[in-house]
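Predicted model, so just to flag it, every value in this text is computed and none were measured. Hydrogens, waters and symmetry mates play no part in the numbers below; they use all other heavy atoms, side chains included. Both ligands and their constituent atoms are indexed starting at 1 by order of listing.
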Amino acid sequence: MTQVTYELRNNIAVLQLSSPPVNSLGLSMRQAIMSNFQKALADENVDAIVLASSGSIFCGGADISEFDGDLAFASPNLSELCDFVEGTNKLVIAAINGMALGGGCELTLACDYRIADKKAKIGLPEVQLGILPGAGGTQRMPRLAGAPLALEMISSGKPVAAQKLLEAKAIDRLALEDEALLEAAVNYAEELVADDAPLRNCADMAVDISDLPEDYFFEFRRKTSARTQGFYAPEQCIQAVEAACALPLAEGIAFEANLFRDCMETPQARAQQHLFFSERAATKIPGIQSKTLIRPINRVAVIGSGTMGGGIAMNFINAGIETVVLDLNAEALERGIATIRRNYEISAKKGRFTQAQVDSCLSLLKSTTEYSDISDVDLVIEAVFERMDIKQQVFKTLDEVCKPGAILATNTSTLDVNEIAAVTSRPEAVVGTHFFSPANVMRLLEIVRAEKTADDVLMTTIKLAQKIKKVPVVSGVCWGFIGNRMIEPYGRETARLILEGASPAQIDQALTDFGLAMGFPSMADLAGIDVSYLIRQENAEACYPRDPHYAAILDKLYELGRYGQKSGRGFYIYEGRDKREDPEVMTLAADLANELGIKQRAITDQEIVERTMYVLINEGAQILDEGIAYRSGDIDIVYCNGYGFPIFKGGPMQFADEIGLDKILAALNGYRQSLGDYGEEWFKPAPLLERLVEQNKSFKDYQ
Ligand code: 3H9
């Protein structure tokens, strides 16, 4: 297939990148660009070259799938291609439509002139893949757009509107509203030829540092350090832009190349690239055609107007979908709707939405206390109290009132979706949609595929999740699905470590040093110790063994009315926004340990991290083996988007692959032995883990 088309329009050669979906710059694409350029350069009738795209975007950058081998560096590599384009003796005009990202953006920077469509976005998102622009972007962008804008773009990875780069003079012209970009680019090229416009080369430019304060880079580092903690690439991005300000282009490019190779070899880069592909793979379901017809979803109902119901409803109205919130209790409904309105007002005040956007969202929000008002909706999401009998009652009613073809979804976070579906006459229409709190903020959506969920119901739910800007992951049915099932052994291990002598603060510190957003003790205090107690009571049979060691410290805190932040005391003491350690917790733990015959001792941070993380990974292995998750990457997406697992470690399963499954297995077996009966009961390695180690494989190999 032709990856680059060549066309002559009078004296202008038009090269169009034509490799869907994103014109990524793999080796064959780079070769095709090079040979088409050579053709245009060899033709004496050609005065200028327009580089454009025939697809919906200009280019998504280097082919990331080449990064795990040598192909990315094979000649012509992207850097060589950009140098070649910059060095040509004919005018080259980039015509940017849709998006120009990463290497795609770098290619345009090597052109002499740039014209973009008004809606185009341009970015250098490499830092989000754990690397930095490696084809001259860190050197050419500061020369063309100025150091501050370039540094912001390169270190955040966020694309900017073409208009912004026009203002910075890195883009020369925007296509007029009613003018097709390609036509505009060809006209522009003809104009430039007629005007005898000069060739441009970044080697002839220096970064303008006249307005940069002396401590500019120091201050930038200081301001971004909290956001970039644990990541390797952001600092390399800063160093590269600093170099651009000091070195001639060729030296700067050589400096950038070293940093690029250095980043490529880090675990962070592997982790972030794994997450990029895992997020996309998670929407593909084995055995289901991606072209499966999806059902139109134009009107949605949410049952329950509590925090969760309200948050869920906001997702849909933000996406322009009319949404009815139903609550049988009129007062609760009024309160719920008022909360949604208030949330929008706050967003408007903070500048996240314009007043017009708020008005448009609120015009899509409806409310009712009558089931008959939702008979025509295309999708209902139930978000009522987490109890099987209550949920089943709701589903019986939905089955009676909803139109044929409607999708019936439950927001349960733990319950058996098959049992919920079984009370309806249409179990094929039932699916789980487990939102995470706050539902309008958290990106993760666990979609639960029950035994009888129809393929088109599942695919519609996945597509809808993307429409409302969630990251969907499909889970099979089991207690707690992927995320909450895995959190259970992690919480148990924390509770046990406290009985053995680790303080909540030590555990929190060890886990935040590891990279988690917060450790289990702080998380339990935030979520409510009463909430986790009730979950343990409700699910005792399904999941929690009645072991006296199990969560003893959490049960004790509950008995004492220490529910966490909401009651001012839990694992910690809370005063306003401050929290401090509570020595009484350690006394309680010592008494319980004594009662249960557990010997207290000093525990290292390494032991804390290993025990909590390795049981999490072990449960993940079991989930994979049972087919609850389709891929290890799905588990990683759940943990990085819903449970604060550090992105730079790529999720628990990628972390395990990185350190080696043999080491995880050895450590589990070590604790199994050293922790006596407790170890024997809770540290048995998952059979899949043992099998993979025997076969010398990783979780990634198991699909
Ligand atoms: C770089 O450029 C390094 C250089 O500085 C130096 C090199 C030496 N490569 O996201 P979508 C696939 S690093 C390979 O669903 P959308 C993607 O996996 C690169 N594949 O579409 C998916 O495949 P599948 C810097 C890529 O419309 C399909 O295309 N660039 C690449 O929602 C559709 O993708 C970036 O970081 C790629 N570069 O969003 C940009 N890009 O169908 C990364 C996409 O098999 N890309 N694919 O699942 C994106 O941000 C989005 O894909 C984009 C389109 C916004 C372009």
Side-chain angles (χ1 to χ4, degrees), residues 3 17 19-30 33 53 55-83 96-110 119-141 150 153-154 156-160 233 236-237 240-241 253-254 256-265 269-270 272-285 289-291 462-463 465-467 469-472 631 633-634 637:
Q3 288 183 295
L17 310 182
S19 178
V22 301
N23 288 331
S24 63
L25 299 163
L27 178 59
S28 56
M29 179 62 134
R30 300 195 299 270
I33 297 174
S53 155
S56 59
I57 68 168
F58 177 78
C59 176
D63 184 343
I64 305 164
S65 65
E66 285 189 347
F67 287 178
D68 59 1
D70 294 331
L71 274 183
F73 296 108
S75 198
N77 63 42
L78 206 44
S79 195
E80 289 166 349
L81 181 64
C82 289
D83 291 349
I96 307 169
N97 67 313
M99 288 191 137
L101 299 177
C105 167
E106 291 173 294
L107 195 52
T108 72
L109 300 179
K119 294 202 182 111
K121 292 204 163 163
I122 291 109
L124 292 164
E126 285 86 344
V127 71
Q128 290 167 1
L129 298 168
I131 52 175
L132 73 161
T138 64
Q139 306 304 300
R140 291 192 178 96
M141 189 59 99
M153 288 175 73
I154 293 166
S156 75
K158 289 193 187 133
V160 299
Q236 316 309 307
C237 290
V241 177
I253 286 181
E256 176 199 83
N258 279 337
L259 294 179
F260 182 80
R261 281 183 184 262
D262 189 21
C263 284
M264 282 281 264
E265 279 159 22
R270 286 190 287 276
Q272 289 176 264
Q273 288 160 28
H274 159 75
L275 289 173
F276 175 84
F277 285 118
S278 296
E279 192 173 318
R280 280 145 187 92
T283 60
K284 298 177 180 75
I285 307 306
Q289 292 285 335
S290 60
K291 287 193 182 116
I462 291 173
K463 288 276 179 277
Q466 292 177 308
K467 184 166 181 186
K469 299 199 166 67
K470 296 286 173 204
V471 180
R631 296 156 278 246
D634 291 0
I637 293 296

Check your understanding: Do Ile64 and ligand 1 have an N or O pair less than 3.5 Å apart?
Key -> yes
Practice item. With heavy atoms under 4.0 Å as the rule, classify the contact between Gln128 and ligand 1 as side chain, backbone, both or neither. Key: neither
Review point. To the nearest 0.5 Å, what is the distance between CD (Gln3) and CZ (Arg30)?
Key: 11.0 Å
Check your understanding: Under 4.0 angstrom from atom 41 (N) of ligand 1, is there any protein heavy atom?
Key -> yes
Check your understanding: Counting only non-hydrogen atoms of the protein, does one fall under 4.0 Å from atom 12 (C) of ligand 1?
Key -> no
Check your understanding: Which ligand 1 atoms does Pro21 reach within 4.0 Å, using its non-hydrogen atoms?
Key -> 28 (C), 29 (O), 33 (C)
Check your understanding: Where the closest heavy atom to atom 53 (C) of ligand 1 is concerned, which of Leu101, Leu81, Leu124 has it?
Key -> Leu101
Point to revise | Candidate with minimal heavy-atom separation from atom 35 (C) of ligand 1, of Pro125, Gly102, Ala282 | key: Pro125
Check your understanding: With a cut-off of 6.0 Å (strictly less than), are more than 12 heavy atoms of other residues, nucleotides or ligands near NZ of Lys121?
Key -> no
Check your understanding: Which is closest to atom 10 (O) of ligand 1 in terms of heavy atoms, Glu279, Gln466, Arg280, Gln273?
Key -> Arg280
Practice item. May I ask whether Pro133 places a heavy atom under 4.0 Å from ligand 1? Key: yes
Review point. When you check the gap from the basic side-chain N to the acidic O, do Arg140 and Asp83 get nearer than 4.0 Å?
Key: yes
Review point. Using heavy atoms and a threshold below 4.0 Å, how should the contact between Asp63 and ligand 1 be classified: side chain, backbone, both, or neither?
Key: both
Point to revise | Min N/O separation Lys284 to ligand 1 under 3.5 Å | key: yes
Practice item. Start with the C-alpha distance between Ser65 and Asp63, add both sets of side-chain angles, then the distance that settles side-chain hydrogen bond (donor to acceptor under 3.5 Å, both in side chains), and finish with yes or no. Key: CA-CA 5 Å; Ser65 65; Asp63 184 343; 2.6 Å; yes
Point to revise | Minimum heavy-atom distance Ala269-Ile131, with the two atoms named | key: CB-CG2, 4.2 Å
Point to revise | Shortest reach to atom 30 (N) of ligand 1 by a heavy atom, considering only Gly60, Pro20, Gly61 | key: Gly60
**Study point:** Closest non-hydrogen atom pair, Arg280 against Thr283
**Key:** O-OG1, 2.8 Å
Practice item. Indicate the atoms forming the closest heavy-atom contact of Ala110 with Cys82, along with that distance. Key: CB-O, 3.3 Å
Check your understanding: Is the charged tip of Arg270 near the ring of Phe67: under 6.0 Å from the six-membered ring centre and within 45° of its axis?
Key -> no
Check your understanding: Would you say atom 38 (N) of ligand 1 has a protein heavy atom nearer than 4.0 Å?
Key -> yes
Exercise for review: Ignoring hydrogens and angles, tell me if any N or O in the side chain of Gln273 forms a donor-acceptor pair with the backbone of Leu129 under 3.5 Å.
Suggested key: yes
**Study point:** Identity of the nearest option to atom 7 (C) of ligand 1, non-hydrogen atoms only, from Gly104, Cys59, Ala62
**Key:** Ala62
Study note, to complete from the structure: ligand 1 atoms nearer than 4.0 angstrom to some heavy atom of Met99 are 55 (C)
**Study point:** Sub-4.0 Å atoms of ligand 1 with respect to non-hydrogen atoms of Leu129
**Key:** 13 (S), 19 (C), 36 (O)
**Study point:** Approximate separation, where rounding is to 0.5 Å, of Glu126 CD and Phe260 CZ
**Key:** 7.5 Å
Exercise for review: Examine ligand 1 and decide if any of its atoms is less than 4.0 Å from a heavy atom belonging to Glu66.
Suggested key: no
**Study point:** Non-hydrogen atom of Phe260 closer than 4.0 Å to ligand 1
**Key:** yes
**Study point:** Ligand-residue contact atoms, ligand 1 with Phe276, heavy atoms, under 4.0 Å
**Key:** 18 (O), 41 (N), 43 (C), 44 (C), 46 (N)
Review point. Judged by atom type as modelled, is there a donor-acceptor pair below 3.5 Å linking the side chain of Asp262 to the main-chain atoms of Asn258?
Key: no
Check your understanding: Of all the atoms in ligand 1, which lie at a distance below 4.0 Å from a heavy atom belonging to Gly103?
Key -> 1 (C), 2 (O)
Practice item. Measure across Ala100 and Thr108 and return the closest heavy-atom pair with its distance rounded to 0.1 Å. Key: CB-CG2, 4.5 Å
